[in-house]
Amino acid sequence: MRTDKFLTESGFLTRKEAVKAVRCGRVTVNGATATDPARHIDPQADTVCLDGAPVRYAPFVYYMLNKPTGYVSATEDGQLPTVVSLLPPEIQKRCPFPCGRLDRDTVGLMLLTDDGALAHRLLAPKNHVPKTYRFACAEPLCPEAEARCAAGMTLADGEQLKPALLCPAPDRMGGEITLSEGKYHQIKRMAGALSNRITALERITFGPLTLDPALRRGECRPLTDDEIDRLRRAAETAGTAQGDRTAHPAN
Ligand code: URA
């Protein structure tokens, strides 16, 4: 395995940072300073250190799922099937969890991982990555819908929302909406505040990731190295980049 890939998969650095760290002489392999990020190492046999501290090889799992309706965004549920049950059995053994929640009847892009630190940073309110949803609604969107979303809507219970970008479909019976926060039933409650009702909801992006059109509902695939790198970069502004398998953010 390449040295830069080893550092990236251990959850310490993005691929770009790993390449730079090697080139800057911050990385040693078996005591000798590494100079080539492409140099092959054996994760089981070689000792890799970053700034003098040993790096334990513990690759995380990162999966994209096209969530079908009827599944709950949880690791366990007494009654209903969970999104985790749609992952391959060998991946389920790694105890992955959903990165954020979708309602049981919402479909589309869901990220599952065992990288608690990355999930936590992606969902931290100060660094909430944008997410886009496609929706259909029961009534045509009212003429002021875009402006009210853009201004930051106040819900019926007084909860104040951040500005959201609403792009209605030509017939205004749905559209796409991009949120930069993740409140409980947020889009359904926004529709309610506009005297409307959501009849179908699908998440199509999560930060830099777009739902893979090759995935049918219920299907999943591992993220590519590039997708993992882009997610790490999206999360970079919040917290540190150390891996943490224990933190399971709720939303
Ligand atoms: N908003 C909702 O109302 N439901 C979801 O599942 C996601 C966003």
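Just follow the structure's listing: the first ligand is 1, and inside any ligand the first atom is 1. Remember, it's a predicted structure, so these values are computed and weren't measured experimentally.
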Item checked: Common cluster, Val107/Leu112, ILVMFWY with side-chain heavy-atom separation under 4.5 Å -> no
Check: Which bit of Asp103 gets closer than 4.0 Å to ligand 1, counting heavy atoms only: side chain, backbone, both or neither?
Finding: both
Check: If two hydrophobic side chains count as joined below 4.5 Å and joins carry through other members, does Val29 share a cluster with Leu50?
Finding: yes
Next item on the list: Check whether any N or O atom of Tyr133, backbone or side chain, sits under 3.5 Å from an N or O atom of ligand 1, and answer yes or no.
Entry: no
Checklist line | Closest protein heavy atom (residue, atom, distance) for atom 1 (N) of ligand 1 | finding: Ile187 N, 3.1 Å
Checklist line | salt_bridge(Asp157, Arg189) N-O dist < 4.0 Å | finding: yes
Checklist line | Rounded distance (nearest 0.5 Å) linking atom CZ of Phe135 with atom NZ of Lys188 | finding: 13.5 Å
Checklist line | Element-labelled atoms of ligand 1 that are located less than 4.0 Å from some non-hydrogen atom of Thr106 | finding: 4 (N), 5 (C), 6 (O)
Next item on the list: Decide whether an N or O pair under 3.5 Å exists between Leu102 and ligand 1.
Entry: no
Margin query: Quick check: is Val55 connected to Val19 through a chain of hydrophobic side chains (ILVMFWY, heavy atoms under 4.5 Å apart)?
Written below: no
Margin query: If we set the cut-off at 4.0 Å for heavy atoms, which region of Ile198 has an atom near ligand 1: side chain, backbone, both, or neither?
Written below: neither
